[in-house]
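Everything on this sheet refers to the single structure shown next.
Counting starts at 1 for both ligands and their atoms, in listed order.
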Amino acid sequence: MAGKAANVVDYRALAKARLPHFLFEYLDGGSYDEVTLRRNVEDLQSVALRQRVLRDVSQIDLSTELLGKRWAMPVGLGPVGLSGLYARRGEVQAARAAAAAGVPMVLSTVSACSLREVAASGHVPWYQLYFVKDRGFVADLIARAKEQGCGALFVTVDLAVPGSRYRDTRAVGGRLRRAFELAARPSWLWDVGMRGRPISLGNLEPIVGQRAPLGDFQKWIHDNFDASVTWKDVEWVREQWKGPLIIKGILDPNDACEAVANGSDGLVVSNHGGRQLDGALSSARALPSIVEAVGGKISVLADGGVRSGLDVVRMLALGADFVLLGRAWAYALAARGQAGVAHALKLIDAEMRVAMALTGCTNIEQIDDGLIDRR
Ligand SMILES: Cc1cc2nc3c(=O)[nH]c(=O)nc-3n(C[C@H](O)[C@H](O)[C@H](O)COP(=O)(O)O)c2cc1C
């Protein structure tokens, strides 16, 4: 694809052309046959909205409140691991774009830039926590989030073990192949590989050192993440973290009820972008029953397959209070850095306005189940 990106899908093509093959495969791929990855996109796209007319939609307000703050729109940048490698010091660039657009960003535990580096840019992100086996180190991560003044802690619970991603396995090659792949992407090599060093996992440097275990990241996760985590460990996090706590990776109404019972402030309906249990329900299909189970007691966020502002409106109509982007912002970051993320957010904003105008909504509160056309 040459020229200007008209939508997020164009950014995917630009990202593919700019990233070394193994990094694009890591970003783009899902587990096993990628059934859930596809379902996320297709099920969301198949939600038909009710076209309404003649309802004065000249003024549209996208602003929304979540976790005690007003945001420009009900959209945030979800945690995407290694995103600092898609563009030079990528998470810092993304945090700047999110702040300028008035939306939140959630920084992954496995980001390239550390929380401290991102916060030093003047934009303190929300923080996403994975449980590594060393519990003392997890306590340290929580303490650092507190120290930096993060406004929310997202505990990701759908990665007890890493899902098998065939595209990652196929993309891992020897040094020679890696060298060819890098040589084929000179602009990335210069921007990120040379000027973007260190290539590390900033938050995990105390346990992995200054070199990201890129050769076999899945194996590293398998060896270091803690598969024994239960709701008791969430309680343990709760004791140390008094701010907003969000459980990310809920797909089942019973688990949603547990999240409510365990004192979380919100949950994210998510299947990790189809990267974990392949064949699991899409987020769009799982969302309504979870909203019903939660019954308005805590905030319900959702992600998975969102590629446009129209998709955001569909997620809201299915019951979400707020929507997280995953690949959508990461493709844009890979393609054009901060400017790409800023542009992707502008596109989402504009697409939301059109979808709202043509469904007769002028503010976010008006978007509900009644917008879905089930004929
Ligand atoms: C490359 C990649 C890395 C991800 N890394 C994380 C992560 O570190 N922590 C996390 O909670 N979720 C992670 N996710 C899941 C996203 O937060 C989100 O749930 C998912 O991307 C949504 O699906 P979508 O990309 O199709 O919109 C990752 C997703 C991708 C694509």
Side-chain angles (χ1 to χ4, degrees), residues 8-9 11-12 15 19 22-31 34 36-45 75-86 90-91 94 104-113 115 125-132 141 152-160 162-163 165 167-168 171 201-204 212 214 217-218 220-221 224-225 246-251 267-277 280 282-284 286-287 301-308 311-312 314-315 320 322-334 344 348:
V8 162
V9 177
Y11 273 118
R12 177 180 179 274
L19 290 177
F22 72 95
L23 257 188
F24 179 76
E25 292 295 88
Y26 172 73
L27 168 57
D28 197 55
S31 59
E34 304 189 336
T36 299
L37 170 59
R38 277 193 300 279
R39 278 185 187 159
N40 276 347
V41 174
E42 289 168 7
D43 288 351
L44 196 54
Q45 283 183 345
V75 174
L77 308 187
V80 172
L82 301 185
S83 39
L85 303 188
Y86 308 149
E91 288 100 358
M105 166 176 169
V106 191
L107 185 73
S108 165
T109 296
V110 291
S111 51
C113 304
L115 173 58
W126 289 340
Y127 191 61
Q128 176 265 320
L129 188 72
Y130 278 132
F131 277 93
V132 290
L141 292 175
L153 188 67
F154 283 59
V155 180
T156 297
V157 294
D158 57 6
L159 207 137
R165 295 178 210 138
R167 281 161 72 173
D168 284 349
L201 301 176
N203 299 309
L204 301 182
L214 290 184
F217 193 48
Q218 289 309 98
W220 182 86
I221 287 179
N224 287 277
F225 280 26
I246 314 289
I247 308 295
K248 178 172 181 284
I250 298 288
L251 221 53
L267 58 83
V268 187
V269 175
S270 175
N271 47 41
H272 217 101
R275 293 163 77 79
Q276 287 296 100
L277 180 62
S282 66
S283 299
L287 180 55
L301 293 80
D303 71 20
V306 177
R307 302 290 182 267
S308 69
D311 288 342
V312 172
R314 287 171 165 140
M315 278 291 200
F322 210 84
V323 175
L324 297 179
L325 307 176
R327 293 178 182 84
W329 74 263
Y331 292 143
L333 178 72
I348 299 268

* Shortest non-hydrogen contact between Leu325 and Ile348, atoms and distance -> CD2-CD1, 4.2 Å
* Structure fact -> Heavy atoms of Ala112 and Gly84 approach each other most closely as CB-CA, 3.6 Å
* **Part of His272 with heavy atoms under 4.0 Å of ligand 1, whether side chain, backbone, both or neither** => both
* Structure fact -> Counting heavy atoms under 4.0 Å, the part of Thr156 that contacts ligand 1 is side chain
* Verdict with reasoning, Ser282 to Glu42, per side chain to side chain contact (heavy atoms under 4.5 Å, CB included) -> CA-CA 9 Å; Ser282 66; Glu42 289 168 7; over 6 Å; no
Tell me which protein heavy atom sits closest to [atom], plus the residue, atom name and distance to 0.1 Å.
| atom | answer |
| --- | --- |
| atom 23 (O) of ligand 1 | Gly273 CA, 3.2 Å |
| atom 3 (C) of ligand 1 | Gly81 N, 3.3 Å |
| atom 12 (N) of ligand 1 | Lys248 NZ, 3.0 Å |
| atom 8 (O) of ligand 1 | Ser108 OG, 2.6 Å |

For [X], is the nearest heavy atom under 4.0 Å from an atom of ligand 1?
| X | result |
| --- | --- |
| Tyr86 | yes |
| Ser270 | yes |
| Asn40 | no |
| Phe154 | no |

With distance as the sole test, does [X] use its side chain to make a donor-acceptor pair with the main-chain N or O of [Y] at under 3.5 Å?
| X | Y | result |
| --- | --- | --- |
| Asn271 | Gln276 | no |
| Arg314 | Ala284 | no |
| Asn203 | Ser108 | yes |

* Test Ser270 against Asp158 for side chain to side chain contact (heavy atoms under 4.5 Å, CB included), laying out the working first. => CA-CA 8 Å; Ser270 175; Asp158 57 6; 4.2 Å; yes
Between [options], which one has a non-hydrogen atom sitting closest to [atom]?
| atom | options | result |
| --- | --- | --- |
| atom 30 (C) of ligand 1 | Arg307, Glu25, Arg327, Arg275 | Arg275 |
| atom 31 (C) of ligand 1 | Leu27, Val80, Leu44 | Leu27 |
| atom 10 (C) of ligand 1 | Trp329, Tyr26, Tyr130 | Tyr130 |
| atom 28 (C) of ligand 1 | Pro79, Gly78, Gly249, Gly326 | Pro79 |

* Could you point out which residue of Val75, Val323, Leu324 forms a side chain to side chain contact (heavy atoms under 4.5 Å, CB included) with Val306? => Val323
* With respect to Tyr86, which candidate in Tyr331, Phe24, Tyr26 satisfies the side chain to side chain contact (heavy atoms under 4.5 Å, CB included) definition? -> Tyr26
Those atoms of ligand 1 less than 4.0 Å from some heavy atom in [X]:
| X | result |
| --- | --- |
| Gln128 | 7 (C), 8 (O), 9 (N), 10 (C), 11 (O) |
| Val110 | 8 (O) |
| Asp303 | 18 (C), 19 (O), 22 (C) |

* Asked: Are any of the N or O atoms of Gly305 closer than 3.5 Å to those of ligand 1?
  -> yes
* Asked: Cationic tip of Arg307 within the cone over Tyr11's six-membered ring, i.e. under 6.0 Å and within 45° of the normal?
  -> no
* To do: Kindly indicate whether the side chain of Asp303, heavy atoms from C-beta on, has any atom under 4.5 Å from the side chain of Val268.
  => yes
